[in-house]
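Hydrogens, waters and symmetry mates play no part in the numbers below; they use all other heavy atoms, side chains included. Everything numeric here is computed off the predicted structure, so don't read it as measured data. The sequence lines fix the lettering, A, B, ..., with proteins before strands; numbering per chain opens at 1.
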Amino acid sequence: MRYNPKTIEPKWQKTWYDNNVFAAVDFDDKPKYYALVEFPYPSGTGMHVGHIRAYTSLEIVARKRRMEGHNVLFPIGFDAFGLPTENYAMQAKIHPRTVTDQNIETFTKQLKDVGFSFDFDRVVDTTDPDYYKWTQWIFLKLFEHGLAYRNKTDVNYCPSCKVVLSNEESQGGACDRCDSPVVQKEKDVWFLKITAYAEKLLDGLKDLETLPRIKTEQENWIGRSVGAEITFAVADTDESLRVFTTRPDTLFGATFMVIAPEHPLLEKARGKIRNKDAIDRYREQARHKSEFERTQLVKDKTGVRLDGLEAINPGTKKRIPIFVADYVMMGYGTGAIMAVPGHDQRDHDFAKTHNLDIVEVIQGGDVTEAAYTDTETGILVNSDFLNGMDVKEAIPATIDFLEKEKLGSRAINYKMKDWAFNRQRYWGEPIPIVHCDDCGMVGVNEEDLPVTLPAVERFEPAADGESPLAAIDDFVNTTCPRCGKPAKRETDTMPQWAGSSWYFLRYTDPKNAKALADYKKLTYWMNVDWYNGGMEHVTRHVIYSRFWHLFLHDIGVTPMGEPYKKRTAQGLILGPDGDKMSKSKGNVVNPMDIVERFGADTLRLYILFIGDYEQSTPWSESGVKGARRFLDKVWRLADHLTDDTPSTEVLKIVHKTINGVNADIEASKFNTAISKLMTLANDLSALEVVPKDAFENLLRLLHPFAPHITEELNERLGNRESLTFAAYPKPDPTYLVDDTITMVISVNGKVRDKIEVAKDTPRETLESLALDSEKTQKFIDGKPIKKVIVVPGKLINIVV
RNA sequence: GCCAGCAUGGCGGAACUGGUAGACGCGCUAGACUCAAAAUCUGGUGGACUUACGUCCGUGUCGGUUCGACUCCGACUGCUGGUACCA
């Protein structure tokens, strides 16, 4: 009989899913293993090959762990709030609830068609009120602990559509929907104080098992920098300017100051500024510049000098000018800098444009030409008591001086900003806050959660940038939870990151109505042993969810500090043309097509064989064929089985494969694991008859990759037990070592001969064997032998 | 600009801590089977020279360290990702 995935795949899927064989068992005695993949956004187009790649890695690990005797939690769910569904719903005039339910249904069917071993009893859906009740509950806790606050900020606003836009919808400064220019509109929005956790988030990275680059990316995102805060008095006023600098040693070279256009000094000292008009004009320009312009047009350093105000350099005691310039941002540091044109290139550019003094304080370069930024070899000059020191000595010396004079202190600054936590849209979790005229902002009582999204006909954004919820009187008008007087509900909803910041906790206890998850179950299942997802989520999603988890731990809701033990990230699958897959390029590969034409096992196998798991790789149709041929070959092997005991030679091949495949899977080297299985199948098919024992080992090793065909073949061998919980093969060390080894003989590093020798041939014998070799003789050619290097088990190199 | 990563046959990719470059797959090619084709099986397949045995060259470019470099170091080029005037 020929291999026909169309009949055997549905058969085994039915067996698995009808009997719930992948259900994780709470509090089981077996050691637990929690394998987590990033849950999908259920889009209308169904699964992408990228989803398959993202899930297949841990699918292999989960199936392998079950065979190794673990109680495995391998869950899946849906991150279903968000813009695409909402936009589609508006366009198609279907309620987002309906759209979401349909999409989830499609995804679930597709996941099962590929044979993923998820525990479908634990599916979570972030848009389910029973789920988002707890998302709201966590928000309330953050609010109670002062970690959620409201503040004014500028948002992208389209005056024509009267709608707030996301960054994505306002790229290049034009509205995505009507193409009119986007302006910045000031609005009161919610923030989460993630900066309060900056240090903890940095600390927690120490124990995370991951690629160095993943760690580096998070470190750079948090962006801790150590330096000093220095206070500059503003001459003839009571005002002062605080700056943050990483280079306090260059204090004596600060010849001017620059403040952000939004800096409060401009209001406070307004009376003293003589060129108000010019300043106002510049501030207005900066306000209208989109973030795009302000950050992309790097070349021209614009700015206006404040007439009538000067600062005093606390080192030199000299008066120095103050400028307003938009290259300084209010959002980082203190919104003001001391400019050291001699040793900072941006300041140097600015000084050149505006004809300002450039003073050299670190010797080594030519500061009239360019800023000299070498901190290793430079020596301080023109700096009073710092003269003669190197940069490393001068930094603490300056800080000591500033602290003594009460002009500044050591300071740490983070690049990471607080998390803007709001959207003015319908399809998101309502923020559970009530605005009361008397009590201010009050959290909804816990027993009144969830604050559900009202079922409405119209969910288009309301006018003037307000959420559609603002137009629904029934929703808005409520009573104050504290004083009982009439009050209004918050109408903003949460961003998409909210539901995904804690979903992995819900999987441990998905139906709990009393808590986000039972503490004992959390204790049993957490931490996540292995978390795989996209490289693009390594900064935002991973950091946000770590923040929520650390907070939940601090308030005693979860037992562990850091949620994840190990994190990996898969590479992108490109189109067959090497470009990113996209509808517009017409190079999208639909994974379900591959299932249809070649079978799910072929898809699973190929997607891991395609290349290094962490690297991006183009899709190849002919590569798929290769994966299918391999399965055909395995199928045919079953027709040549024998009960004879395998030869030592065969046992060696089998056990080396067991050893290699095991190691490769644990190291995410799925492509080489598969190539080793192919080699084993090739070797077995070269035999007259295939020992059954060797074949069964092959089936078990292959089972996590290609579960359907292996279950079928296993059944045909007469085995009653499913492979799902069959013992994973263990290598027998006696078959891993060879008695004889091939050693290379090289002359001056070039391979000239190979010899077969016993494993522990002594050095002297090897040397003489090498020197006597006919082939090497030719290259030694009577020249004097300088040295003979013997690397045990590898080679002998003769140097002449 | 800065940070990180990558660069290996016709193609996707292997090569552990420096030690036989090109595993495995695709493609191509010759042969077997077939009336024929498909499928399958067997052999070959980095390049140049050579009747052959072989020899030389070869891991983006240039240089260095080493008995020995795809692997380490320096400079450069190109590609990918992240970030954005971060003080």
Side-chain angles (χ1 to χ4, degrees), chain A residues 2 211-217 219-221 223 225 227 243-247 250 254 257-258 291-292 294-299 301 325-329 331-340 344-347 349-350 413-417 535-536 538-539 569 571-572 574 576 578 580 605-606 609-612 614-627 629-630 632-633 636 660 663 667 669 671-679 681-682 685-686 742-754 775 778 786-789 791-800:
Chain A
R2 282 183 54 144
L211 288 180
R213 54 195 265 243
I214 291 179
K215 228 175 252 194
T216 312
E217 268 203 27
E219 279 165 6
N220 291 347
W221 180 271
S225 55
V243 303
F244 173 78
T245 177
T246 51
R247 295 290 306 280
T250 61
M257 300 193 75
V258 185
E291 206 173 314
F292 178 82
R294 205 163 147 177
T295 56
Q296 294 297 320
L297 304 175
V298 188
K299 289 138 259 162
K301 290 270 181 288
D326 61 10
Y327 80 92
V328 172
M329 299 288 167
Y332 183 80
T334 60
I337 61 162
M338 63 174 209
V340 185
D344 181 285
Q345 194 54 47
R346 288 156 308 163
D347 297 345
D349 294 345
F350 192 87
N413 203 21
Y414 300 96
K415 180 175 161 181
M416 184 170 65
K417 295 172 193 154
M535 197 63 202
E536 69 277 18
V538 158
T539 45
L572 226 58
L574 309 169
K580 243 186 199 161
L605 208 55
Y606 175 63
F609 185 64
I610 193 167
D612 187 296
E614 318 261 355
Q615 225 73 48
S616 59
T617 328
W619 179 269
S620 144
E621 183 77 31
S622 49
V624 179
K625 260 194 294 189
R629 273 186 210 164
F630 165 60
D632 282 323
K633 181 176 271 185
R636 283 195 307 269
K669 298 281 178 202
N671 54 337
T672 52
I674 293 168
S675 88
K676 287 180 175 96
L677 292 172
M678 288 174 165
T679 307
N682 288 346
S685 71
T742 310
M743 286 193 73
V744 165
I745 304 173
S746 60
V747 180
N748 287 345
K750 286 193 184 200
V751 180
R752 296 304 180 188
D753 199 5
K754 290 168 196 180
K775 287 181 187 162
K778 201 163 102 194
K786 279 198 203 148
K787 208 185 215 179
V788 179
I789 292 150
V791 182
K794 297 265 185 190
L795 55 65
I796 306 147
N797 188 23
I798 302 162
V799 187
V800 298

*Asks:* Do nucleotides 11-17 of chain B as a string where each nucleotide becomes B, S or -: B if the base has a protein heavy atom under 4.0 Å, S if just the sugar-phosphate does, - if no protein is that close.
*Replies:* -BSS-B-

*Asks:* When rounded to the nearest Å, what value does the distance between P atoms of rC6(B) and rC86(B) take?
*Replies:* 26 Å

*Asks:* To the side chain of Val328(A), which of rC67(B), rA87(B), rC26(B) is closest?
*Replies:* rA87(B)

*Asks:* In whole Å, measure the gap between the C1' atoms of rU45(B) and rA39(B) for me.
*Replies:* 23 Å

*Asks:* If you only use heavy atoms from C-beta on, which nucleotide in rA87(B), rC26(B), rC86(B) is closest to the side chain of Thr245(A)?
*Replies:* rA87(B)

*Asks:* Applying a 4.0 Å non-hydrogen cut-off, can you work out what Asp344(A) is touching in the nucleic acid: base, sugar-phosphate, or nothing?
*Replies:* nothing

*Asks:* Quick one: on RNA chain B, does Val799(A) or Asp632(A) contact a more 5' nucleotide (nearest heavy atom)?
*Replies:* Asp632(A)

*Asks:* Is it the case that Asn413(A) and Ser225(A) place a side-chain donor and acceptor less than 3.5 Å from each other?
*Replies:* no

*Asks:* What's the closest nucleotide to the side chain of Ile789(A) if the choices are rC24(B), rG19(B), rU40(B)?
*Replies:* rG19(B)

*Asks:* For Phe350(A), what residues pass the ring pair (Phe, Tyr, Trp, His ring centres under 6.0 Å) criterion, not counting sequence neighbours?
*Replies:* Phe256(A), Phe323(A), Tyr327(A), His354(A)

*Asks:* Answer with base, sugar-phosphate or nothing: what part of the nucleic acid does Lys625(A) contact at a heavy-atom distance below 4.0 Å?
*Replies:* sugar-phosphate

*Asks:* Could you tell me which residues satisfy side-chain hydrogen bond (donor to acceptor under 3.5 Å, both in side chains) with Thr245(A), sequence neighbours excluded, listed by chain and number?
*Replies:* none

*Asks:* Distance between the P atoms of rA48(B) and rG43(B), in whole angstroms?
*Replies:* 25 Å

